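The structure appears below as structure tokens.
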Amino acid sequence: PLDEQAIFDQSQVEYYIGKLHFSEGRHEEAYQSFSAYRDASEKLVTVDPQNADWVMEMAYALSNLGYLEKNRSPPAFQNALEFYQAALDYAERAILLDETKRSELADFLADLADAWLGVCDLPRALSARVQAAQLAERYYLEDPANNRLKRARAFTLAGLANVQRLTGATGPALTNLQQSVDLLSQLYQEDRTKLFLSQILQH
């Protein structure tokens, strides 16, 4: 029961089972599996609390539960908010243990922003989106040839533009959205097999 690799393997099995349940519309079954993934990740942190990978696994597990709550019918945004905030807390804890994980923080902030939107708190949603965009820009500028970072930068700009539009800041929203389109266009031109990019650009 204290074998870290065995616990990690269990957590991954539960994650993929939950992902399959969710993709086929079995929400409650997905929630049970993702909860088991969270429980296994919590065991890893208990066994080795200084392991940044295990702490980040806990962040992922909580984020998955937040995603499920956000996609309930009807959405449970308050529950999602609590999971996403806890996920961000663990992600920040992991970064203190391993600075190289900082580039992942933008995704957790973006999720939290969506949850704030769900409970109609635009100021906090905007704050989280601004932080996510700033982080994504920082890491993209450090390595502009990295397509993963370019894509993350594009998506964070689009997310920020959406919240800016809702607050009435149409000008900055249009500027950020155009930058997002430019980055996605670059990615699509480099690899036209990425059909989902074509669909995004058309919309």
Side-chain angles (χ1 to χ4, degrees), residues 15-16 18-20 22-25 56 59-60 62-71 75 77 80-81 83-85 87-88 91-92 94-95 99-203:
Y15 165 72
Y16 283 107
K19 187 175 180 181
L20 178 60
F22 181 78
S23 69
E24 296 190 355
M56 190 60 85
Y60 296 148
L62 290 164
S63 181
N64 285 333
L65 288 168
Y67 182 80
L68 284 179
E69 294 289 5
K70 186 177 71 172
N71 286 278
F77 284 115
L81 179 61
F83 280 124
Y84 281 141
Q85 183 61 65
L88 178 61
E92 291 175 337
I95 291 165
E99 177 69 19
T100 64
K101 297 188 181 297
R102 181 169 290 277
S103 62
E104 298 188 50
L105 195 60
D107 290 336
F108 290 99
L109 284 165
D111 288 336
L112 185 61
D114 288 344
W116 282 123
L117 271 185
V119 296
C120 300
D121 192 328
L122 281 176
R124 286 179 173 172
L126 180 60
S127 176
R129 277 293 180 182
V130 167
Q131 292 179 65
Q134 290 173 340
L135 280 171
E137 179 182 30
R138 171 185 168 183
Y139 288 102
Y140 167 65
L141 292 177
E142 289 178 358
D143 187 7
N146 187 316
N147 284 344
R148 181 182 65 81
L149 295 177
K150 182 182 291 186
R151 175 181 169 183
R153 172 66 175 148
F155 286 163
T156 56
L157 283 169
L160 174 58
N162 179 55
V163 180
Q164 288 173 323
R165 176 182 61 83
L166 294 173
T167 62
T170 306
L174 285 172
T175 299
N176 286 324
L177 193 58
Q178 185 58 59
Q179 289 184 49
S180 176
V181 169
D182 291 343
L183 290 168
L184 291 172
S185 295
Q186 292 173 29
L187 289 169
Y188 180 61
Q189 293 302 321
E190 292 172 10
D191 186 355
R192 289 178 175 268
T193 64
K194 303 295 185 183
L195 297 180
F196 80 94
L197 290 175
S198 174
Q199 294 167 353
I200 291 173
L201 291 169
Q202 290 172 11
H203 288 81

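As the structure is a computational prediction, the values presented were derived from the model and not from experiment. By convention here, the first residue in the shown sequence is residue 1.
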Would you say the side-chain atoms of Tyr139 and Glu104 include a donor-acceptor pair closer than 3.5 Å? no

Go through the steps to decide whether Phe22 and Tyr67 satisfy the test ring-ring contact (aromatic ring centres under 6.0 Å, His included), and finish with yes or no. CA-CA 11 Å; Phe22 181 78; Tyr67 182 80; 5.5 Å; yes

Is it true that Asp143 and Arg138 make a salt bridge, defined as a side-chain N closer than 4.0 Å to a carboxylate O? no

Could you tell me whether Lys150 and Glu190 make a salt bridge, using a distance below 4.0 angstrom between a side-chain N and a carboxylate O? yes

Ala94 and Lys101 have their tightest heavy-atom pair at CB-CD, 4.3 Å

When rounded to the nearest 0.5 angstrom, what is the spacing between CG in Leu105 and CD in Gln134? 11.5 Å

Backbone N or O of Ala133 within a donor-acceptor pair of the Arg153 side chain at under 3.5 Å? yes

side-chain contact (heavy atoms from CB on, under 4.5 Å) between Leu174 and Thr170: does it pass, once the steps are laid out? CA-CA 6 Å; Leu174 285 172; Thr170 306; 4.1 Å; yes

Go through the steps for Trp116 and Leu81 under the test side-chain contact (heavy atoms from CB on, under 4.5 Å), then give the verdict. CA-CA 7 Å; Trp116 282 123; Leu81 179 61; 3.5 Å; yes

Any sub-3.5 Å donor-acceptor pair from Ser185's side-chain atoms to Val181's backbone N or O? yes

Partner of Arg129 by side chain to side chain contact (heavy atoms under 4.5 Å, CB included), out of Leu112, Val163, Leu117, Asn162: Val163

Where do Ala80 and Gly66 come nearest, in terms of heavy atoms and distance? CB-O, 3.5 Å

Kindly compute the distance separating CZ (Phe155) from CG (Leu160), expressed to the nearest 0.5 Å. 15.0 Å

Scanning both residues in full, the closest heavy-atom pair of Ser180 with Ala154 reads OG-O, 2.7 Å

Carefully, step by step, assess Gln131 and Leu135 under the rule side-chain contact (heavy atoms from CB on, under 4.5 Å). CA-CA 6 Å; Gln131 292 179 65; Leu135 280 171; 5.5 Å; no

Would you compute the distance between atom CD of Glu137 and atom CG of Leu157 and round it to the nearest 0.5 angstrom? 7.5 Å

Please check this pair: side chain of Ser63 against backbone of Ala59, looking for a donor-acceptor N/O pair closer than 3.5 Å. no

When every non-hydrogen atom of Ala110 is compared with those of Ala132, the smallest separation belongs to N-CB, 4.2 Å

Are more than 12 heavy atoms, taken from residues, nucleotides or ligands other than Lys19, located less than 6.0 Å from that residue's NZ atom? no

Looking at every non-hydrogen atom in both residues, tell me the closest pair between Phe77 and Val119 and how far apart they are. CB-CG1, 3.9 Å

Thr100/Ile95 under side-chain contact (heavy atoms from CB on, under 4.5 Å): CA gap, chis, key distance, verdict: CA-CA 7 Å; Thr100 64; Ile95 291 165; over 6 Å; no

CD of Gln85 to CZ of Arg124, rounded to nearest 0.5 Å, is 9.0 Å

Taking atom types as modelled, is there a side-chain donor on Gln178 or Asp182 under 3.5 Å from an acceptor on the other? yes

Are the side chains of Pro123 and Asp121 in touch, meaning some heavy atoms are under 4.5 Å apart? yes

Output the distance between atom CD (Gln179) and atom OG1 (Thr156), rounded to the nearest 0.5 Å. 10.0 Å

Distance in Å, Leu183 CG paired with Leu187 CG, rounded so as to fall on 0.5 Å steps: 7.0 Å

Could you tell me if the side chain of Glu69 sits less than 4.5 Å from the side chain of Tyr84, heavy atoms only? no

